[in-house]
Amino acid sequence: MNIFEIFQNHVAEAVSALGRDGVLPDTLDTKRIIVEPPRDPFHGDLATNAAMVLAKDAQIPPRSFAEKLIPRLLLIDGVLAADIAGPGFINIKLDPKIFHSVLHAVHQQGNDFGRSTSGKARNVNVEFVSANPTGPMHVGHGRGAVFGDALASLLIFAGYNVTREYYINDAGAQVDSLGRSAFLRYREALGEEIGAIPEGLYPGDYLVPVGKALADHYGSSLRDQSEAEWLPIIRQAAIDAMMEMIREDLAVLDIRHDVFFSERSLSQGGNRDEIGALITDMTARDLVYQGRLPPPKGAPVEDWEDREQTLFRASAYGDDVDRPLLKSDGSYTYFAADIAYHRSKYLRGFATMIDVWGADHGGYIKRMTSAVKAVTDGMGELDVKICQLVRLLRNGEQVKMSKRSGDFVTLREVVDEVGRDAVRFMMLYRKNDATLDFDLAKVIDQSKDNPVFYVQYAHARCASVLRQGHAAQSAFDLAVDAGALSKLTDASELAVIHRIAQFPRIVEAAASAHEPHRIAFYLHDLASDFHSLWNRGKDNPDLRFVIENDRNLTIARLALVDAVRRVLASGLSVLGVSAPNEMR
RNA sequence: GACUCCAUAGCUCAGCUGGAUAGAGCAGCCGCCUUCUAAGCGGCAGGUCGGAGGUUCGAAUCCUCCUGGAGUCGCCA
C-alpha cells in the first residue's frame, strides 16, 4: 500500500473530472502530477505540484488552478483539508485513519509490505563481480559484489524478474599467466626448487594447493610436455580452482549468481564462433568498417603503429572514437568479445542490462553502451554502475596491504574480522559512485556512530518490546483493525507511521534509480525515529508501549512497534543484512 | 590533450530524478538517561550547495564555461 501513489491517482482523477466538467481543459497530462511528502510536516501530510506543472497548459496561473482543484480534492475520502502554499503547492491534510490503515496494511502484508509490482515482471540482467579468475577477491571486489547483489534483491522486491550473472574472463592473456603460475606450483609440488615467482606471474600462495592437486592427479606426466600441450590443461584446472575459491568468497557474503558465463565459450567453447558471427552481422549492417585511428592521446604508447584495422562505428552511437574489434594477429579484442556477450544477454531476453564495474573501468562505459545500442537496434538498454574505490582503515589509519595472498587485502580477511552484516551494510551506506572509507574498528563498534549497529539494535529493541508486551498482556492478535489503531494519536507515533508509509515509494524510487543505498539511509532514519519514540517513554510514562491498565492502547502501540520491526526486517533483508532479535 | 566521476556545515555524507526556510551523523556547547535491553534521547550553534553565466513560475539538482581533486585512455583484461 503506497499512499502516495494512491493519492497521486486521486489527484489525477480530480483533474480529469474537472476536465470533463469543462472547468479545466480536458487535454492536461496528468502523468506529470507528483504527490510526495512535504519537506516540513507542518505543511501537511501530502503535497502535490499538480497546479504548478499543469498551469501553463491550462493557461491560468498556478494559484487559480489550485483554487479550482481544491474543492474537488476535498471530496476525496480521507482528505481533511487542502491549502494553497507558496507559488501554487497544494498541501493536503489527511485523516489519521489513512495512516492507521497503513499500519493495518503492514500487518496484513507482513514482510511483503513495500513489495512493489512497478517492475512489471520485466527481465533484468544484473552482471556483477566478474572478477578475473586469477586469485581471491579483494575488498574492492567486495563492494561491487554487495552492491550488485543488493541491487538485484531490490529489483526483485520492486517486481522485476532478475538474473544475477557473472562473466568469467577466462580467455585472455591473464589466464595464460595464471596457467603458467600454476605450472610452477605444479613443478614445486613435484619437488622442484622453483625460486622466486617471475615478474608477470601470480605469486600468491593460493596457487600452491592447485599445483599440489595437479601433481596428485597427473603425477609428473605434464612436466616434460611442451607448453602448448600442458597450458590448456593446467589453465583450465587453475581457472576452475580460482572460480571455486571466488564462489566460496561470495558465499561468505551470502551471494550466489544464477549464471556464470564464460568468455571462452563465446569463441572456443562450442561449435559456433559467437564473436565471428557478431562481426559478420555487424559488417552486414554497416556497423563495422576498415579504417585507421589517430594515435592514442595522453601517455605515449611505445609500440603504436598506424595501420588499417577493423573498427566498430562507436562514435556514431555516442562514443568518442571508433573502436577496434580485431588485434593485429587477427584474434578478437576483449571489446569484441564483450559486445558478443552483451548481445547474448539481449538474445536471452534481457532488454534491460545492468553492469556493475570497478572504478578503473569508467572509461569503458561509453563504448559499451554505444555497442549495446548498435547491436540491439536501440531496443536494449545498458546501465553501467561504477563502484568507486574502498579505502580500508583501522581507527582512521590506512590498512597496509597484506602479503599473504599476493599484494592486497582479501575480502575473506575482512569478513572474518568484522562479519558479513557489517561489510554488507557499510558497502551500501554510500552512493556507489562515491569513494568509501571502511573502518574495521568502527563497523563493529556498538554505538550509534555505527549505522549497522544502530539499525540492527532498533530491530532488536522492537523484538524486545514485543516480548515484554506478550509477557505483560495475555495473548493477543496484533492484526487489529484500523479502528482499534485509532488509539495512536500522539505526534511522535504518527511521525513513525508517516515514515513507514514512505517505505513503498522509497523502494520504487531506489529500484528505478538502481540505487540500493537509499534503502540503507531510509532504514537509518526509521531506526532513529523509533529510538526517539522509545525514549519518549522515559520522560512521559504515558507514552510507553506497554500500559498496564489499558489493553487496547497497548495492543495498538505494539502493533506500531511490530510494523517498525517488519519494515526494518524487510529492508534489511533487501540489503542482505540480518535482523537480530537481540544484540547480546 | 580528451573523457568519466566527485566538489553541500569544522569532519563524513544524504538530498526522494526541477519544488517551499538545503538535511542527518560525528566533533563543539547545554540539558536528560537507577527505563520496555545500557550501548542512548532532546536542544543550541554551524551553509554564498567550488565559481560565473544560462534554461523557467522555481535550480544543490538540467545546460555551457572556469577552478580544484580522483580515475581512465591502448590491439591490456
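Just so we're on the same page: letters track the sequence lines, and every chain starts at 1.
- In this structure, A:R323 does not reach the B:rC76 phosphate: none of its side-chain N or O atoms is under 4.0 Å from OP1 or OP2.
- Base-pairing analysis of RNA chain B finds the following stems of at least three consecutive Watson-Crick or G-U pairs, with both pairing distances under 3.5 Å: B:1-5 with B:69-73, B:10-13 with B:23-26, B:28-32 with B:40-44, B:50-54 with B:62-66.
- Note: A:Y341 and A:F261 meet the aromatic proximity criterion, with ring centroids under 6.0 Å apart.
- Applying the salt bridge (Lys or Arg N to Asp or Glu O under 4.0 Å) criterion to A:D45, with sequence neighbours excluded, gives A:K93.
- Position along RNA chain B of the nearest nucleotide to A:F335 versus A:I34 favours A:I34 as the more 5'-ward residue.
- The CG-P distance, from A:L533 to B:rG40, rounds to 18 Å in whole Å.
- Residue A:N535 contributes atom CG, which lies 8 Å from atom C1' of B:rC33 at whole-angstrom precision.
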Listed pairs, N/O of protein and of nucleotides 19-25 of chain B, under 3.5 Å:
{"unit_1": "B:rA20", "atom_1": "OP1", "unit_2": "A:R39", "atom_2": "NH2", "d": "3.4"}
{"unit_1": "B:rA20", "atom_1": "OP2", "unit_2": "A:R39", "atom_2": "NE", "d": "2.4"}
{"unit_1": "B:rA20", "atom_1": "OP2", "unit_2": "A:R39", "atom_2": "NH2", "d": "2.4"}
{"unit_1": "B:rA20", "atom_1": "N6", "unit_2": "A:N91", "atom_2": "OD1", "d": "2.6"}
{"unit_1": "B:rA20", "atom_1": "N1", "unit_2": "A:N91", "atom_2": "OD1", "d": "3.0"}
{"unit_1": "B:rA20", "atom_1": "N1", "unit_2": "A:N91", "atom_2": "ND2", "d": "2.9"}

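- If you check B:rC41, B:rC36, B:rA77 against the side chain of A:Y334, the one that comes closest is B:rA77.
- Here A:A145 pairs with A:V129, A:M137, A:L250, A:I255 under the side-chain contact (heavy atoms from CB on, under 4.5 Å) rule; sequence neighbours left out.
- At the heavy-atom level, A:N581 lies under 4.0 Å from base atoms of the strands shown.
- Checking B:rC75, B:rC16, B:rC57 against every side-chain atom of A:L293, the shortest atom distance belongs to B:rC75.
- Applying the salt bridge (Lys or Arg N to Asp or Glu O under 4.0 Å) test to A:D542 and every residue at least two apart in sequence or in another chain returns nothing.
- When the side-chain nitrogen and oxygen atoms of A:R461 are compared with OP1 and OP2 of B:rA39, one or more of them lie within a distance under 4.0 Å.
- Straight-line distance between the P atoms of B:rA59 and B:rU21: roughly 10 Å, to the nearest whole Å.
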Between the protein and nucleotides 4-7 of chain B, which nitrogen or oxygen pairs come in under 3.5 angstrom?
{"unit_1": "B:rC5", "atom_1": "O2'", "unit_2": "A:D433", "atom_2": "O", "d": "3.3"}

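- When the side-chain contact (heavy atoms from CB on, under 4.5 Å) test is applied to A:T283, the partners found at least two apart in sequence or on another chain are A:I279, A:V288.
- Not counting sequence neighbours, the partners of A:R32 by the salt bridge (Lys or Arg N to Asp or Glu O under 4.0 Å) test are A:D57.
- From A:N450, atom CG reaches atom OH of A:Y457 across 14.0 Å, with rounding to the nearest 0.5 Å.
- Qualifying salt bridge (Lys or Arg N to Asp or Glu O under 4.0 Å) partners for A:R461, counting only residues two or more places apart in sequence or in other chains: none.
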Detail all sub-3.5 Å separations between protein N/O atoms and N/O atoms belonging to nucleotides 10-12 of chain B.
{"unit_1": "B:rU12", "atom_1": "O2'", "unit_2": "A:R430", "atom_2": "NH1", "d": "3.2"}

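- A donor and an acceptor atom sit less than 3.5 Å apart, one in the side chain of A:R505 and one in the base of B:rC16.
- At a cut-off of 3.5 angstrom, counting only N and O atoms as typed in the model, there is a donor on one side and an acceptor on the other between the side-chain of A:S328 and the base of B:rC75.
- Applying the side-chain contact (heavy atoms from CB on, under 4.5 Å) criterion to A:R518, with sequence neighbours excluded, gives A:A509, A:A510, A:A513, A:E515.
- Aromatic rings from A:Y429 and A:H524 are positioned such that their centres are separated by under 6.0 Å.
- By the ring-ring contact (aromatic ring centres under 6.0 Å, His included) test, A:F4 pairs with no residue at all, sequence neighbours left out.
- Annotation for A:K385: atom NZ counts as buried by contact number, over 12 foreign heavy atoms lying within 6.0 Å.
- Look at A:Y457 and you won't find any side-chain N or O under 4.0 angstrom from OP1 or OP2 of B:rG40.
- When distances run from any side-chain atom of A:R544 to the nucleotides B:rA77, B:rC41, B:rU35, the shortest one goes to B:rU35.
- Note on A:R32: every side-chain N or O is 4.0 Å or more away from OP1 and OP2 of B:rG18.
- Here, B:rC29 and B:rU17 have their C1' atoms 39 Å apart, quoted to the whole Å.
- Atoms CD (A:Q8) and C1' (B:rU17) sit 14 Å apart, rounded to a whole Å.
- When the P atom of B:rG42 is taken as reference, atom CH2 of A:W534 falls 13 Å away, rounded to whole Å.
- Ring centroids of A:F503 and A:Y522 are separated by less than 6.0 Å, placing the two rings close together.
- When the C1' atom of B:rA39 is taken as reference, atom CD of A:Q456 falls 14 Å away, rounded to whole Å.
- Closest contact between the side chain of A:E263 and the listed nucleotides B:rC41, B:rA77, B:rU72 involves B:rA77.
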